[in-house]
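Shown next, in structure tokens, is the structure this report addresses.
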Amino acid sequence: MTDFRELHHREGQPLLLPNPWDVGSARLLESLGFEALATTSSGFAATLGRLDYGVTRDEAIGHAATIAAAVDVPVSADLENGFGAAPEEAAETVRLASQAGLAGGSIEDTTGRDEEPVYDLDTAAVRVEAAAEAARKTGFVLTARAENHLHGRDDLADTIARLQAYEAAGADVLYAPGLTSLDDIREVVSAVGKPVNVLALPHAPSVAELAEVGVRRISVGGSFAFAALGALVDAARELREQGTYGFTDQARKGSKAARAAFGQR
């Protein structure tokens, strides 16, 4: 299996890290040539009929472990905020994920509290430090996430300060989901020394543009999962409201891809 850490250190070639939501989507993405995969908390929650942050630590790690066992490429786990406020909880989450066969995982600085959605910088850095210490013991690739932009705090200086603190605390990859300005992303990349992950969002720069400014990893979050659900909605509405079957054209494409992917093992 390719070393997950090494995939983050290729000049001009960002690691494209798609986010499957179940074993079938993971094996299909692997068959299309992706070198590594990452789970999506929102996509997984949707398979259970829940919203994001609606799964337990055991469920999240068990789900990620099942995906990792089903493919021959490294898998990184979406570990939300570490499933606990205490630094020890973040460390335990990383330890359990590593034991379960995951190559890496991400820890967010979100609190889960509406009145104070993001941890203060000092607290957040201590949590990353604890998680990083656990990660170093096994070679687990730890991604530290600064979530302020997803909570209406569009303060680039705060983002950079957080990512610099997480780098100093031992994180291997740095990630600030919500950034879409190429200038902002360039500034973030220039301000830190560890690989930076960017989330693919509407109006975000292209892969080529992100590679040009030094981004080392690009992920899609729950977008693929919800694109699949969107296709289901369109097909269901066509059947229910129009009484036609145009969706079968797309179904044939999916069936062909599934046969190719699932027949390889």
Side-chain angles (χ1 to χ4, degrees), residues 4 19 21 38-68 74-153 158-159 161-178 194 197 199 219 221-222:
F4 187 50
N19 302 78
W21 57 96
T39 63
T40 160
S41 60
S42 61
F44 171 48
T47 68
L48 302 175
R50 305 178 198 167
L51 297 177
D52 203 6
Y53 303 102
V55 302
T56 66
R57 176 166 65 187
D58 286 348
E59 287 174 327
I61 293 176
H63 163 72
T66 299
I67 286 179
V75 175
S76 183
D78 183 340
L79 300 174
E80 300 189 8
N81 69 351
F83 299 98
E88 295 79 10
E89 290 293 339
E92 178 67 1
T93 296
V94 166
R95 186 186 70 80
L96 291 171
S98 181
Q99 277 188 342
L102 281 304
S106 60
I107 297 286
E108 305 168 2
D109 58 9
T110 50
T111 65
R113 302 191 302 269
D114 292 339
E115 67 278 8
E116 189 183 1
V118 180
Y119 285 107
D120 67 84
L121 179 53
D122 289 342
T123 300
V126 169
R127 297 175 79 253
V128 172
E129 185 176 20
E133 183 177 351
R136 278 193 295 272
K137 295 176 180 178
T138 60
F140 188 88
V141 177
L142 178 68
T143 299
R145 295 175 47 149
E147 301 284 297
N148 52 342
H149 290 274
L150 297 184
H151 294 279
R153 300 184 177 187
D158 180 48
T159 300
R162 286 175 177 274
L163 295 181
Q164 288 174 332
Y166 303 161
E167 178 179 10
D172 301 298
V173 180
L174 305 169
Y175 183 12
K194 294 289 180 68
N197 184 99
L199 177 64
S219 56

Min side-chain heavy-atom separation Val118-Arg162 under 4.5 Å: yes
Stepwise side-chain contact (heavy atoms from CB on, under 4.5 Å) test for Phe44 and Leu48: CA-CA 7 Å; Phe44 171 48; Leu48 302 175; 3.7 Å; yes
Closest approach of Thr93 to Gly82 (non-hydrogen atoms, all atoms of both residues): OG1-O, 2.5 Å
Closest non-hydrogen atom pair between Ala125 and Ala169, with its separation: O-CB, 3.7 Å
Option from Arg57, Arg127, Arg95 for which salt bridge (charged side-chain N to carboxylate O under 4.0 Å, His left out) with Glu89 holds: Arg57
More than 12 heavy atoms of other groups within 6.0 Å of Asp114 CG: no
From CD1 (Ile61) to OG (Ser98), nearest 0.5 Å: 10.0 Å
Between CG on residue Asp109 and NE2 on residue His151, distance to nearest 0.5 Å: 8.0 Å
Close side-chain approach of Val55 and Glu80, heavy atoms under 4.5 Å: yes
Side-chain touch Asp172/Phe140, heavy atoms, less than 4.5 angstrom: no
Shortest non-hydrogen contact from Ala68 toward Gly101: CB-O, 4.1 Å
Derivation of the side-chain contact (heavy atoms from CB on, under 4.5 Å) call for Phe83 and Asp58: CA-CA 10 Å; Phe83 299 98; Asp58 286 348; over 6 Å; no
Heavy-atom pair with the smallest gap, counting every atom of Pro74 and Ala103: CB-CB, 3.8 Å
Rounded distance (nearest 0.5 Å) linking atom CG of Leu121 with atom CG of Asp158: 7.0 Å
Thr111 and Asn81: CA distance, side-chain angles, deciding distance, side-chain contact (heavy atoms from CB on, under 4.5 Å) verdict: CA-CA 7 Å; Thr111 65; Asn81 69 351; 5.9 Å; no
Residue pair Asp78 / Ser106, side-chain heavy-atom distance below 4.5 Å: yes
Neighbour count above 12 (heavy atom, 6.0 Å) for Leu51 CG: no
Atom of Ala91, atom of Ala130 and distance for their closest heavy-atom approach: CB-O, 3.5 Å
Side chains of His149 and Thr159, donor plus acceptor under 3.5 Å: yes
Gln164 and Leu174: CA distance, side-chain angles, deciding distance, side-chain contact (heavy atoms from CB on, under 4.5 Å) verdict: CA-CA 9 Å; Gln164 288 174 332; Leu174 305 169; over 6 Å; no
Arg145 vs Pro177 side-chain heavy atoms within contact, under 4.5 Å: yes
From Thr39 atom OG1 to Asn19 atom CG, the distance as rounded to the nearest 0.5 Å: 7.5 Å
Closest approach of Gly105 to Ser76 (non-hydrogen atoms, all atoms of both residues): N-OG, 3.2 Å
